[in-house]
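Everything numeric in this text was worked out from a predicted model, so none of it was measured. Residue numbers begin at 1 in each chain, while the letters A, B, ... track the order of the sequences. In what follows, every heavy atom counts, from backbone to side chain, and hydrogens, waters and symmetry copies are set aside.
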Amino acid sequence: MAEALLKVTDLKVHFPIGKTLLSPGQTVRAVDGVSLEVRRGEVVGLVGESGSGKTTLGRSVLRLVEPTAGSVTFDGEELTGVPPQRMKALRSRMQIIFQDPYASLNPRMSVGQIIGEALLLHHIGTGKDRGQRVGDLLQQVGLPREAAARFPHEFSGGQRQRIGIARALAVNPDFIVADEPVSALDVSIQAQIINLIQDLRQALGLSLLFIGHDLSVIEFLCDRVVVLYLGKVMETATAADLYANPRHPYTRALLDAAPVPDPRVRRQRITLKGDLPSPIAPPSGCVFRTRCPFAIEDCARAIPPLETVGSDHSVACIRAAELNLTE
Amino acid sequence: MVDSTIEAIATTPPQSYGRRALKRFLKRPMAVLGLAFLVLLALIVIFGPLISPYSFDGQDFSLIGSPGPMTAEHWLGTDELGRDALTRLIYGGRVSLAVGLAGAIISTLVGTVVGAFAGFYRGWTDTLLMRFTDVMLSIPTLPLVLLLSGLFRPGPVLLVAIVGTLIWMGTARLVRSQFMALREREFVEAARALGAGGFRLMFRHILPTAIGPITVAATLAVGSAIMLESALSFLGFGIQPPVPTWGNLLNSASSWLSVAPWLAIPPGLCILFTVLSVNFLGDGLRDALEPKE
């Protein structure tokens, strides 16, 4: 088993809201005690509903959002509390691809400037080499070299996402957080971008934390999957194992919600009702119990720990042993 | 080589933000008209005094005593000291426009820096800078200016500084709100993920994106500065005679309003049309620089 490149331990990201002189305000527990690891060369999928804390988690491992508590280590080095100079050096090894290719490119800069800035900030190459390298990067993501002179608004969504990927690759990272990189694209374009990510991953030996909610995309790309609900990990397993043998009712519900392209298949489905509870006042005990069809009284008592139930498979559910969720 | 298919892109020349903004601006007739008026006015006040046969403080002693009528020699008449009114109007325009422009530049610089730091760093930096802005806003302008003028006679430089110091607050608030919104945008976050520091994020990424509203505010500030300078000079606390400005021309003409209205009306109209043009220009720039895409 390869060593862990990124290791997140008991990470918490809390946002204070409504704090004034008179009232202490409340706390949004966006990420609440998450532990996970991404091994070298591995693609880990992070799934969950909107509001489950996926994006916040992705940003906090890059310290774009400051973690409230817990630890993030990258290649053995603790990232929380690292001085800015060292953090800047580390940033060349960890990058991010954003969800919205319209918002993630500076509209006032040409594509060459956008990608060149990455080289400039990390003193990669000099003047002329940089132009050359920008051209190489554009070709690598399937755009012509001449694209460097143009501005973001002259490109389609898929092309812009390619530019965003080229920017992330410019600094030769080992690790990339891909924050729902295809959710904002047309379905016909999604496959191209996913294939591009898959190809690049193999060619460059990248490790990825791939955030998404399309389970078929996750299954195609990822080696392991982490299921997040209300800022907590519900279940984590290898992709094959998770899809074939989900152990947490929430995972099962997510799988059931995905459409199956065969109208004759009749399934026993778990359908979730209602919305995600408020992360300001999460339910006691298991946070999923308010929407879980198998919830019992004991579920409200204590927060279920993440327990190992097989090789590389953990689940946070006190009833995991007795429930049979396999179809 | 990973992906063999290279995507086709447009073949028209690349379109920078500036080029597209210019195209949109030219579609606003009132704004173009305003700009044309201001350019014409600038040419007149720069070259007019060179052409005029009179100097701004040259007196015709035969006409001293009361305002002279409009004649072929003196198109807008003469004042009670026998000075040519048109020459003084043009020369006054030079002073008023220069003070207005310089005051607006100072106010925009101060407002942008204050707003940028408050909006970008938030927290106590924001609280400190914005409470200071509130204090400045709550000082009544005219009494303060009267007090200052009582202490010293302002020359042009000091007057510019005073005007600039009194009108930057609106710009600061505007820039702060722009920075607060823009710092959360993904392209700023992308630059931060690449390791860009605070100054680079502020001045390379956020400021150019906020340049539209700042330009509009700067343009409108020229109007405010001209008005403020005129008001101060009208009250006798701005530029001191014999140097004319539109404000002190109005002031000295006001006592002759019933007998020689031709002395008061031109500087009044000049102020009116200049400020109006500046505002049209500002509106046009707003539409051109901040398109609702």
Is H122(A) reaching over with its side chain to a backbone N or O of G195(B), donor-acceptor style, under 3.5 angstrom? no

Side chain of R91(A), backbone of L194(B): donor and acceptor closer than 3.5 Å? no

With sequence neighbours left out, which residue pairs that include part of residues 165-188 of chain A fulfil the salt bridge (charged side-chain N to carboxylate O under 4.0 Å, His left out) condition? K54(A)-E180(A), R59(A)-D179(A), R93(A)-D174(A)

Contacting region of [X] [heavy-atom separation from chain B under 4.5 Å]:
X       : answer
M109(A) : side chain
I97(A)  : neither
Q198(A) : neither

Non-hydrogen side-chain atoms of P107(A) and F187(B) separated by less than 4.5 Å: yes

Counting C-beta onward and ignoring hydrogens, is there a side-chain heavy-atom pair between L64(A) and R192(B) closer than 4.5 Å? yes

Nearest heavy-atom pair of A190(B) and S104(A): which atoms, and what distance? CB-O, 4.2 Å

Which heavy atom of L121(A) sits nearest to which heavy atom of A191(B), and what is that distance? CD1-O, 4.5 Å

Partner chain A: residue of R204(B), R200(B), E186(B), H205(B) with the largest heavy-atom pair count (under 4.5 Å): E186(B)

If I take atom CZ from residue F151(A) and atom CZ from residue R19(B), how far apart are they, to the nearest 0.5 angstrom? 9.0 Å

Counting heavy-atom pairs under 4.5 Å with chain B, the top scorer among R108(A), Q95(A), Q202(A), M87(A) is R108(A)

Shorter than 4.5 Å, heavy atoms on both sides: which option in L90(A), D100(A), L120(A) has the most such pairs with chain B? D100(A)

Pair R20(B), H153(A): side-chain N/O donor-acceptor within cut-off below 3.5 Å: yes

For E184(B), look at atom CD and say whether over 12 heavy atoms of other residues, nucleotides or ligands are found less than 6.0 Å away. yes

